[in-house]
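The structure appears right after this line, and notes come after that.
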2 protein chains.
Amino acid sequence: MTLDITDAELVLMQLLWTESPLTARELTERLEKDKGWHRKTVNTLLSRLARKNVIQREKGPGGISNWHPLVDRETYRKTVTASFVDEHFNGEIAPLVASFAKGRSLDDSQVAELQALLDSMFEDD
Amino acid sequence: MTLDITDAELVLMQLLWTESPLTARELTERLEKDKGWHRKTVNTLLSRLARKNVIQREKGPGGISNWHPLVDRETYRKTVTASFVDEHFNGEIAPLVASFAKGRSLDDSQVAELQALLDSMFEDD
DNA sequence: ATTGACAGACTACGCCTGTAGTCCAACGGA
DNA sequence: TCCGTTGGACTACAGGCGTAGTCTGTCAAT
């Protein structure tokens with residue numbers, strides 16, 4: 001279960017993580033509009049995600065197929081983030097934040113949120 | 001100049017960012033040992049990076065070819081980090097740090113470093 | 001019962017990527 | 001001067017990925 005989700009597949013997952021279950025039709029409607037994807041493209045991606053056990057289909061009322069994630073967003077975020085930090089920042093989070101802030105200054109709410117996070121860590125000790 | 005560097009290419013870049021210039025031979029020695037890569041593989045990657053204007057060759061003393069980066073590490077880190085944060089965390093850094101910390105608790109020095117970073121941001125205002 | 005439209009499995013296909021081989025020119029040692 | 005080794009340009013090739021077409025069955029409306 002290596003949790004490998006490609007870029008195109010991730011677009012689908014973002015939708016399903018935001019709202020699920022969704023039917024193929026509902027997904028297609030959004031993705032045709034937002035991404036210009038063909039119905040068949042959406043279908044292929046759904047199949048590939050299903051084959052990887054990342055999503056699953058379930059029969060809803062009236063026999064309608066609903067798709068929903070089997071992997072939750074937070075689990076996925078943890079793994080990709082850990083990989084990213086390892087690959088690009090030698091496993092250290094602070095330099096990542098520094099690089100990010102250099103490229104795009106953090107607004108006050110971002111800083112406050114980070115501060116709250118750090119404070120909660122001190123408490124946990 | 002989209003700065004797209006693949007995983008295998010990145011391995012080379014990490015070496016060149018740590019120490020440069022390096023000759024093809026020097027790179028090959030390290031990568032044969034560390035990664036089991038063939039000399040020819042290293043060569044292909046060097047060529048591809050050069051074609052993308054990410055590295056450059058320069059004639060050293062004695063006509064030896066030395067490779068060195070044209071893109072500095074910090075620039076690269078800023079761009080990949082921004083993309084990553086946008087793609088996975090909707091452009092917000094605090095949730096990224098939260099996810100990272102959930103998967104792998106931060107040790108004291110990491111927390112201290114982050115705190116110092118935040119403090120310096122307050123000063124800048 | 002017939003038809004039309006969509007769902008999903010399977011197939012297709014070109015480009016990118018990882019990995020390496022071929023070929024030729026240059027250089028260093030015998 | 002000749003040979004073996006190396007560098008680099010070019011070529012190769014399989015598997016993954018983005019993108020979509022074909023085929024078949026099903027369900028809804030007629």
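Letters A, B, ... mirror the listed sequences (proteins, then strands); counts begin at 1.
- Distance CG (L12(B)) to P (dA20(C)): 13 Å, rounded to an integer number of Å.
- Between R57(B) and dG8(D), a side-chain N or O to OP1/OP2 separation shorter than 4.0 Å is present.
- Among the protein residues, T23(A) comes within range of no part of the nucleic acid, since none of its heavy atoms lies under 4.0 Å from any strand.
- D7(B) places its CG atom 16 Å from the P atom of dC16(C), with the value rounded to the nearest Å.
- The interatomic distance linking K35(A) (NZ) with dA20(D) (P) rounds to 13 Å, in whole Å.
- Atom C1' of nucleotide dA20(C) and atom CG of N43(B) are separated by 11 Å, given to the nearest angstrom.
- The side chain of R25(B) contributes an N or O atom lying less than 4.0 Å from OP1 or OP2 of dT6(D).
- Distances from the side chain of T41(B) to the nucleotides dG8(D), dT19(C), dG7(D) place dT19(C) closest.
- Residue-environment remark: NZ (K35(B)) stays at or below the threshold of 12 foreign heavy atoms within 6.0 Å.
- Using cut-offs of 30° and 60° on the angle between ring planes, the pair F84(A) and F84(B) is parallel.
- One N or O on the side chain of W17(B) and one on the backbone of V71(B) form a donor-acceptor pair closer than 3.5 Å.
- Atoms CG (L31(B)) and P (dA20(C)) sit 12 Å apart, rounded to a whole Å.
- Per the geometry, CZ belonging to R51(B) stands 11 Å off P belonging to dT11(D), to the nearest Å.
- One can find a donor-acceptor pair under 3.5 Å joining the base of dA20(C) and the side-chain atoms of T44(B).
- Closest-nucleotide positions on DNA chain D for H38(A) and R39(B) were compared, and the one nearer the 5' end corresponds to R39(B).
- The nearest heavy atom of DNA chain D to T6(A) and to E26(B) marks one nucleotide each, and the one closer to the 5' end goes with E26(B).
- Under the 3.5 Å distance criterion, the side-chain polar atoms of E29(A) are left unmatched by any main-chain donor or acceptor of E26(A).
- Out of dC10(C), dT19(C), dG8(C), the shortest distance to the side chain of W67(A) is found at dG8(C).
- Rounded to a whole Å, the CG atom of L45(A) is 18 Å from the P atom of dT11(C).
- The side chain to side chain donor-acceptor pair (under 3.5 Å) test with E9(B) singles out one residue from Q14(B), K52(B), R48(B), and that residue is K52(B).
- Protein atom NZ of K40(B) is 18 Å distant from nucleotide atom P of dC13(D), rounded to whole Å.
- Between the side chain of R48(B) and the base of dT19(C) there is at least one donor-acceptor pair of N/O atoms closer than 3.5 Å.
- Between dA20(C) and W37(B), no contact under 4.0 Å exists linking OP1 or OP2 to a side-chain N or O.
- Contact annotation: S65(B) side-chain N/O to dG8(D) OP1/OP2 distance is under 4.0 Å.
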